[in-house]
Amino acid sequence: MVTTLFLRCNTKLFACLQPFDLLDKRISSILKALMKTDVIIIGAGAAGLMCAIEAGKRGRSVLVLDHNKKIGEKIRISGGGRCNFTNRSVNASNFISQNPHFCKSALARFAPANFIALIEKYSIQYHEREHGQLFCDGSAEQIIQMLLEECRKANVEIQTCIHILRIEKDTSFHLLTDHMPLEASSLVIATGGLSIQKLGATNYGLRIADQFGINIVSPKPGLVPLTFHSKDFEGFKDLSGISIDAEVRCNKISFRENMLLTHRGLSGPAILQISSYWNPGDSISVNLLPGINILDALKEDHPSKKQLATILEQFLPSRFVKVWLELRGGSNPMNQYSLIELKELARHLSDWQITPSGTEGFPKAEVTVGGIDTDELSSKTLESKKVTGLYFIGEVIDVTGWLGGFNFQWAWSSGWAAGQAV
Ligand SMILES: Cc1cc2nc3c(=O)[nH]c(=O)nc-3n(C[C@H](O)[C@H](O)[C@H](O)COP(=O)(O)OP(=O)(O)OC[C@H]3O[C@@H](n4cnc5c(N)ncnc54)[C@H](O)[C@@H]3O)c2cc1C
């Protein structure tokens with residue numbers, strides 16, 4: 001009996017006539033031969049697509065695999081749908097990593113200007129917001145379409161809804177998937193961070209590292225709201241939605257931006273930024289009046305009968321002042337305070353010490369801090385020092401950017417650098 005086996009490879013359909021009894025034996029050898037490609041990239045996000053484009057442009061045959069139905073889900077939802085795709089000024093100090101120098105090489109070789117040039121080539125309109133953050137005028141979908149068009153021009157094949165069951169390595173990498181076996185001489189892991197599972201995030205990159213004996217830096221959520229025990233946050237819960245220009249400090253770093261009160265704790269850019277530096281047990285210091293000499297203001301009204309709350313309401317939202325003062329014995333006329341008390345109040349306003357109980361975790365985090373230990377990788381090519389042909393790029397590595405377009409820039413830069421090498 002003869003049967004016909006249809007195989008899809010690089011968008012071509014192959015039909016092979018097979019005697020039925022030989023089918024089993026031949027299937028694996030035929031598939032192996034057909035699905036051989038130079039580069040396989042796992043993860044069709046920002047880093048994976050950039051790497052695919054660059055490798056494709058160099059004439060490498062590239063296959064990108066993603067388990068999600070849609071590619072680039074985090075790009076799609078980023079920046080409130082407008083994708084904060086980079087920042088005007090990017091340098092190593094905008095990143096957290098056990099090796100703060102690791103990111104320099106890739107960032108220097110594919111800088112924000114290079115990505116901006118690509119955006120401009122596609123006539124994607126964009127604008128600059130505070131701190132040099134660049135956003136699309138229209139939609140993040142434009143960035144995805146641009147990357148897809150670049151992939152098409154570079155003959156990159158993308159397959160979605162593929163689940164990788166096993167990876168083995170001899171002289172090349174053999175992938176067993178729920179569709180068919182695949183083989184490649186270079187394997188790039190671009191599976192991103194752990195945040196927001198419903199968008200497709202998994203710990204697969206870390207599991208591959210484990211399989212190959214590659215060290216990881218313990219991952220934790222970053223750019224994430226902080227939570228507090230209700231006893232420490234009593235009264236503030238009802239102030240959800242109030243935003244204050246604050247300077248927040250933790251572990252010798254500080255950020256001055258808006259801080260937002262939420263039902264469970266604190267959020268807003270200043271808190272998200274500091275959360276990446278926060279470790280359980282640390283307290284944070286909040287300067288509620290950055291740039292204001294509040295002691296001078298208090299002293300000026302010291303002889304008067306004005307309420308303390310009235311003075312503070314000139315600088316802070318009145319509902320916040322009310323709760324904040326209630327925790328310190330309420331508001332009295334100014335002339336009833338001693339100078340020492342006013343000094344103490346001023347100190348508390350510029351150094352409000354609070355200890356978070358935790359964070360909102362990976363479901364609410366924008367990024368993962370930690371990941372593949374940078375000591376394991378070449379900073380120039382992102383190739384593993386232990387496993388030839390194995391590369392890690394993007395957020396899966398222990399390189400985490402600040403809020404403001406830095407994480408995408410790292411994805412573009414590391415993807416680009418590996419794309420030159422695979
Ligand atoms: C809500 C939100 C908003 C953000 N906004 C911004 C912003 O405006 N600016 C900025 O710079 N950064 C932003 N970030 C961070 C940014 O999205 C990431 O740092 C960036 O997407 C990382 O790129 P990546 O390619 O490494 O990973 P990702 O973009 O996460 O891509 C990883 C890909 O791997 C796939 N994958 C995972 N596991 C598997 C598996 N087992 N098999 C196959 N495929 C798999 C995923 O489906 C995904 O497509 C935001 C993040 C979030 C969550």
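Whatever order the structure lists ligands and atoms in, that order sets their numbers, starting from 1. Everything quoted here is computed from the prediction, not taken from an experiment.
Assignment of Glu73 to the shell around ligand 1 is not supported, since no heavy atom sits closer than 4.0 Å. Distances shorter than 4.0 angstrom do not occur between any heavy atom of Ile71 and any atom of ligand 1.
Scanning all protein heavy atoms for the shortest distance to atom 25 (O) of ligand 1 gives Ala47 N, 2.8 Å. Protein heavy atom closest to atom 32 (C) of ligand 1, with residue, atom name and distance, is Ala190 O, 3.3 Å. In terms of protein heavy-atom proximity, atom 30 (O) of ligand 1 is closest to Lys74 CD, 3.6 Å. Atom 20 (C) of ligand 1 has as its closest protein heavy atom Phe408 CE2, 3.7 Å. Closest to atom 38 (N) of ligand 1, if we only count protein heavy atoms, is Thr202 OG1, 2.6 Å. The nearest protein atom to atom 27 (O) of ligand 1, hydrogens excluded, is given as Gly192 CA, 3.3 Å; this is a heavy-atom distance. Counting protein heavy atoms only, atom 51 (C) of ligand 1 is closest to Glu366 O, 3.2 Å. When only non-hydrogen protein atoms are considered, atom 37 (C) of ligand 1 lies nearest to Gly200 O, 3.4 Å.
Across every non-hydrogen atom of Cys151 and Ile158, the tightest pair is SG-CD1, 4.2 Å. The minimum heavy-atom distance between Ile271 and Met259, with the atom names listed, is CG1-CG, 3.6 Å.
Judged by distance alone, the side chains of Asp375 and Asn215 never bring a donor and an acceptor atom under 3.5 Å apart. Residues Gln133 and Glu128 have side chains that never bring a donor and an acceptor to within less than 3.5 angstrom of each other. Neither side chain, Ser318 nor Glu313, offers a donor N or O lying under 3.5 Å from an acceptor on the other.
Here the shortest heavy-atom distance to atom 49 (O) of ligand 1, taken over Ile208, Leu194, Asp66, belongs to Asp66. The residue from His67, Glu395, Gln409 that puts a heavy atom closest to atom 26 (O) of ligand 1 is Glu395.
Heavy-atom proximity to Phe406, at under 4.0 Å, picks out these atoms of ligand 1: 11 (O). Within ligand 1, counting atoms from 1 as listed, the ones closer than 4.0 Å to a heavy atom of Asn68 are 47 (O). Ligand-side atoms of ligand 1 in range of Ile77: 1 (C), 2 (C), range being under 4.0 angstrom from any heavy atom. Taking every heavy atom of Gly43 and a limit of under 4.0 angstrom, the matching atoms of ligand 1 come to 33 (C), 34 (O), 35 (C). Atoms of ligand 1 lying under 4.0 Å from at least one heavy atom of Asn84, given by number and element, are 7 (C), 8 (O), 9 (N), 10 (C), 11 (O). Remark: ligand 1 atoms within the under-4.0 Å shell around heavy atoms of Gly394 are 26 (O). Near Gly45, meaning under 4.0 Å from one of its heavy atoms, ligand 1 places the atoms 25 (O), 29 (O), 31 (O), 33 (C), 49 (O). Those atoms of ligand 1 with a heavy atom of Tyr204 less than 4.0 angstrom away are 41 (N).
Annotation: Val396 places no N or O atom under 3.5 Å from an N or O atom of ligand 1; distance criterion only. Note: no N/O pair closer than 3.5 Å links Ala201 and ligand 1 by distance alone. Looking at Gly79 next to ligand 1, an N or O pair under 3.5 Å apart turns up. The shortest N or O to N or O distance between Ser78 and ligand 1 is not below 3.5 Å.
Partners of Arg319 by salt bridge (charged side-chain N to carboxylate O under 4.0 Å, His left out), not counting sequence neighbours: none found. Applying the ring pair (Phe, Tyr, Trp, His ring centres under 6.0 Å) test to Phe115 and every residue at least two apart in sequence or in another chain returns Phe85, Trp412.
Atom NE2 of His163 has more than 12 neighbouring heavy atoms from other residues, nucleotides or ligands inside a 6.0 Å radius.
The pair Lys153-Glu150 meets the salt-bridge criterion, since a charged nitrogen lies less than 4.0 angstrom from a carboxylate oxygen. Between Glu326 and Arg328, none of the side-chain N atoms (NZ, or NE/NH1/NH2) sits under 4.0 Å from a carboxylate O, so this pair counts as no salt bridge.
Between Phe236 and Phe320, the angle of the ring planes lies from 30° to 60°, which puts this pair in the tilted group.
Geometrically, Arg129 engages Phe135 in a cation-pi contact, judged by NZ or CZ lying under 6.0 Å from the ring centre and within 45° of the ring axis.
Rounding to the nearest 0.5 angstrom, the gap separating the CD1 atom in Ile42 from the OG1 atom in Thr177 is 10.0 Å. Going from atom CD1 of Ile292 over to atom CG of Leu349 covers 10.0 Å, rounded to the nearest 0.5 Å.
Contact annotation: for Ile196 versus ligand 1, heavy atoms closer than 4.0 Å belong to the side chain alone. For Ile42, every heavy-atom contact with ligand 1 shorter than 4.0 Å involves the side chain, none the backbone.
A heavy-atom distance below 4.5 Å is not found between the side chains of Thr359 and Thr227.
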